[in-house]
Amino acid sequence: MAERLYLDWNASAPTLAAARDAAIAALLAGGNASSVHAEGRASRGIVETARRALGARFAVSHEGVTFTSGGTEANAMALRPGVARDGGPPVERLVTAATEHPAVLAGGGFAPADVTILPVDALGRVAPEALAAALADPRPALVSLMAANNETGVVTNPALFELARGAGAVTHTDAVQAFGRVEDATLTADLVTVSGHKLGAPPGVGALIRRGVGVPALIKGGGQERGARGGTENVPAIAGLAAALAGPAADPHAWEETRTARDNFETALLEKFPKVTIFGRAAPRLPNTSLIALGAPAELALIGLDLAGVAVSSGAACSSGKVSVSHVLVAMGVPDALARCAIRVSAGPMGAARAFERFLVALDEVIVPMTR
Ligand code: PLP
């Protein structure tokens, strides 16, 4: 049987061997990181080493790093009334965009009346004028805009963060997809969400990075994470996250070949299938993502490709299992029938050229017969 082709990195990166080994070593170390005995201190050492490594990547003190159970929790923690820049007023309202991950669109702790959802254009971009209009309301605002979209890969314009800061807003970015893949100015937001399993760490770990901003505890408990997040730390997953930070998926330079391979794939795709739609192609995008529609319903395409040994996803993998139209494509004004054909292809930092070549062959064999 041919080797499987994994092109669903935006859902989860394959676990990196170094991250798996670090997680196993931490499991074997075994102590509770809050215990004072040697086993506990060993676990504490793993957590604090990881905290410093992550802080260094964002040029913040280790005190600005709070470990969470993943991107979803970090987003929920960041999006709360009461978040405040040191010495500044607590935020009272949230401004975000229609293409955000559901974890952000849920609004965190804000009442629906205090949430402004900005529209996007056909490429999934927020207009600076729309953000400026939302910032005209004098109540202190938190502006949350994802660094890169998980479905289209479209990268948010850093000028929007400048605009928000200029108006005195606290800024948050969900960098779950962008961190490690692009050197993006949006990653300097006041609050940044990171998730481990997009980098090759085990799932179930993430972090909220804070730059001079106080965030009330979302989960109160035993005072862990300096009171910022109750609950015994997931030491093996945190160890895996630290190891993954040194891996290729967390190194923006490692993705440049992937960008070339993805661009070549799209050029070849357009030559072969002139009717293909490539969503967000004219906007700056992540190096690894291509969201395409060839005319076959996505759920049939996914099953056919899976049987042929290829793993891709339709729209957001976080919502896979339910056959509904992507809210991202709806926000971009894509007609329903076309949106239902969208397949997301997302490659890794190594071997992408060969992977995209194989994918093109699979499209010919599996999808073309479906569209006749
Ligand atoms: N934000 C974005 C943009 C994502 O793509 C995802 C997961 O796919 C999340 C948040 C949720 O992260 P996690 O799975 O770590 O909770």
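Indexing begins at 1, ligand by ligand and atom by atom, following the structure's order.
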Which heavy atom of M332 sits nearest a heavy atom of L123, and at what distance? CE-C, 3.9 Å

Check: E73 N/O within less than 3.5 Å of ligand 1 N/O: no

Any idea which atoms of ligand 1 are less than 4.0 Å away from a heavy-atom of M146? 3 (C)

Kindly say whether A283 contributes a backbone atom to a donor-acceptor pair with the side chain of R125 at under 3.5 angstrom? no

Counting distance only, does the side-chain N/O of S144 pair as donor-acceptor with the main-chain N or O of T96 below 3.5 Å? no

For side chain to side chain donor-acceptor pair (under 3.5 Å), just list the numbers for S346 and N288, CA-CA rounded to whole Å, side-chain angles, deciding distance to a tenth of an Å, and then say yes or no. CA-CA 5 Å; S346 53; N288 73 325; 4.7 Å; no

May I ask which of G71, S69, A11 has a heavy atom nearer to atom 12 (O) of ligand 1 than the others do? G71

Give the contacting part of T72 toward ligand 1: side chain, backbone, both or neither, where contact means a heavy-atom distance below 4.0 Å. both

Could you go through residues 84-95 and list every donor-acceptor pair under 3.5 Å that involves a side-chain atom there, pairing it with any protein atom two or more places apart or in another chain?
unit_1: R85; atom_1: NH2; unit_2: A169; atom_2: O; d: 3.1
unit_1: R85; atom_1: NH2; unit_2: D190; atom_2: OD2; d: 2.6
unit_1: R93; atom_1: NE; unit_2: R139; atom_2: O; d: 2.8
unit_1: R93; atom_1: NH1; unit_2: A134; atom_2: O; d: 3.2
unit_1: R93; atom_1: NH2; unit_2: A134; atom_2: O; d: 3.0
unit_1: R93; atom_1: NH2; unit_2: D137; atom_2: O; d: 3.0

Taking only heavy atoms of S195 into account, list the atoms of ligand 1 that are under 4.0 Å away from them. 13 (P), 15 (O)

Within ligand 1, which atoms have a heavy atom of H197 less than 4.0 Å away? 13 (P), 14 (O), 15 (O)

